[in-house]
Amino acid sequence: MPDGSLAGVVLAGGASRRMGRDKATLPLPGSSGGPDARTMVEHVAGILAQRCEPVFVMAAQGQPLPELQARVIRDELGGLGPLPATARALRAAAEAGARFAFICAVDMPFLDPDLIDDLTRRAIETGAEVVLPWDGQDHYLAAVYRTDLADRAAALVSAGERRMRALVDRSDTQRIVTSDSRSLTNVNTDAELRALAQPSS
């Protein structure tokens with residue numbers, strides 16, 4: 001991809017009700033802990049930075065974040081789901097000159113840059129507006145979106161939509177079947193976090 005053609009977006013402002021705490025500042029599974037432990041948002045933003053320029057982190061108002069090599073955009077209103085943040089991110093990415101944006105959740109400790117490459121390549125080859133992985137379910141928050149969907153996403157938000165599926169269903173979407181779901185793993189509970197932190201046998 002030419003420089004600036006693919007932006008990266010980390011959605012980090014969710015309420016994380018099942019986890020009971022902010023996922024963005026969770027220590028990366030397997031890290032030693034302590035004040036110098038690498039956080040989930042640092043890790044995921046770092047993965048995106050290997051393939052994307054610029055990288056945006058969508059955060060809640062007042063949400064504490066570590067220092068990041070990314071542009072932080074604060075939600076105007078909280079608790080509205082991922083679509084409003086996506087609409088703003090797509091707009092920011094388009095204004096930065098990016099044709100595509102890889103949008104992902106903050107709770108993906110095993111995100112692989114190869115996944116970003118595969119989805120972006122398919123987006124270029126097919127001309128699809130959205131390219132997302134499918135492993136029995138759609139992964140809306142590990143997908144490549146054309147930044148010219150910003151207006152459509154904003155119109156859906158204005159109509160009261162909050163779900164990513166609403167945008168995907170109204171777009172030319174390409175699904176990439178994958179049997180390797182490790183890079184798509186999300187951490188939703190403390191138990192899942194502890195299990196991921198255990199060394200593989």
Side-chain angles (χ1 to χ4, degrees), residues 1-14 23-26 28-31 38-59 65-73 82 85-135 138-150 153 164 167-168 171-187 196:
M1 294 287 291
D3 288 346
S5 293
L6 178 67
V9 177
V10 184
L11 299 187
K23 290 182 183 180
T25 54
L26 283 172
L28 184 68
S31 64
R38 189 168 172 83
T39 63
M40 201 80 76
V41 68
E42 290 174 293
H43 173 70
V44 174
I47 294 295
L48 266 59
Q50 296 180 38
R51 297 293 189 268
C52 306
E53 172 61 37
V55 174
F56 300 94
V57 172
M58 309 302 293
L65 292 173
E67 185 174 345
L68 298 168
Q69 299 300 312
R71 305 182 193 181
V72 177
I73 300 177
T86 294
R88 292 189 67 203
L90 289 174
R91 178 86 59 204
E95 291 173 353
R99 182 182 174 198
F100 300 98
F102 177 77
I103 297 179
C104 70
V106 74
D107 59 346
M108 301 181 70
F110 304 121
L111 182 63
D112 190 330
D114 288 345
L115 173 68
I116 302 174
D117 291 341
D118 291 343
L119 297 175
T120 304
R121 182 174 63 251
R122 190 64 62 93
I124 294 169
E125 291 173 352
T126 66
E129 294 176 315
V130 180
V131 179
L132 54 79
W134 186 89
D135 61 354
D138 288 325
H139 290 270
Y140 306 119
L141 298 185
V144 170
Y145 295 79
R146 281 209 331 227
T147 59
D148 59 12
L149 291 173
M164 294 295 291
L167 177 60
V168 169
S171 301
D172 174 12
T173 298
Q174 174 79 41
R175 288 169 171 83
I176 307 302
V177 178
T178 177
S179 58
D180 180 10
S181 298
R182 180 175 171 82
S183 65
L184 302 172
T185 300
N186 299 106
V187 179
L196 290 175

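Fair warning: this is a prediction, and the values are worked out from it, not measured in the lab.
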Atom [atom1] in [X], atom [atom2] in [Y]: separation rounded to 0.5 Å?
{"X": "Ile103", "Y": "Leu167", "atom1": "CD1", "atom2": "CG", "answer": "8.0 Å"}
{"X": "Arg51", "Y": "Asp112", "atom1": "CZ", "atom2": "CG", "answer": "8.0 Å"}
{"X": "Arg91", "Y": "Asp148", "atom1": "CZ", "atom2": "CG", "answer": "10.5 Å"}
{"X": "Asp114", "Y": "Arg121", "atom1": "CG", "atom2": "CZ", "answer": "9.0 Å"}

Counting C-beta onward and ignoring hydrogens, is there a side-chain heavy-atom pair between [X] and [Y] closer than 4.5 Å?
{"X": "Val10", "Y": "Leu68", "answer": "no"}
{"X": "Arg175", "Y": "Val168", "answer": "yes"}
{"X": "Met40", "Y": "Leu28", "answer": "yes"}
{"X": "Val44", "Y": "Val57", "answer": "no"}
{"X": "Phe102", "Y": "Leu48", "answer": "yes"}
{"X": "Phe100", "Y": "Val131", "answer": "no"}
{"X": "Ile116", "Y": "Leu6", "answer": "yes"}
{"X": "Met108", "Y": "Thr185", "answer": "no"}

Check: [Y] main-chain N/O paired with [X] side-chain donor or acceptor under 3.5 Å:
{"X": "His43", "Y": "Pro109", "result": "yes"}
{"X": "Lys23", "Y": "Val187", "result": "yes"}
{"X": "Thr147", "Y": "Ala98", "result": "yes"}
{"X": "Asp138", "Y": "Tyr140", "result": "no"}
{"X": "Arg146", "Y": "Gly127", "result": "yes"}

inquiry  = Determine whether Thr178 and Leu115 satisfy the following criterion, side-chain contact (heavy atoms from CB on, under 4.5 Å), listing intermediate values before the conclusion.
reply    = CA-CA 10 Å; Thr178 177; Leu115 173 68; over 6 Å; no
For the student: nearest non-hydrogen atoms of [X] and [Y], plus distance:
{"X": "Ala87", "Y": "Ala153", "value": "CB-CB, 3.7 Å"}
{"X": "Thr39", "Y": "Ala24", "value": "CB-O, 3.5 Å"}
{"X": "Ser171", "Y": "Glu129", "value": "CA-OE1, 3.3 Å"}
{"X": "Leu119", "Y": "Ala142", "value": "CD1-O, 3.2 Å"}
{"X": "Arg38", "Y": "Gly46", "value": "NH2-CA, 4.2 Å"}

query = For Gln50, does the CD atom have more than 12 heavy-atom neighbours from other residues, nucleotides or ligands under 6.0 Å away?
reply = yes
remark   = With Met164 as partner, the option from Val130, Leu132, Thr86 fulfilling side chain to side chain contact (heavy atoms under 4.5 Å, CB included) is Thr86
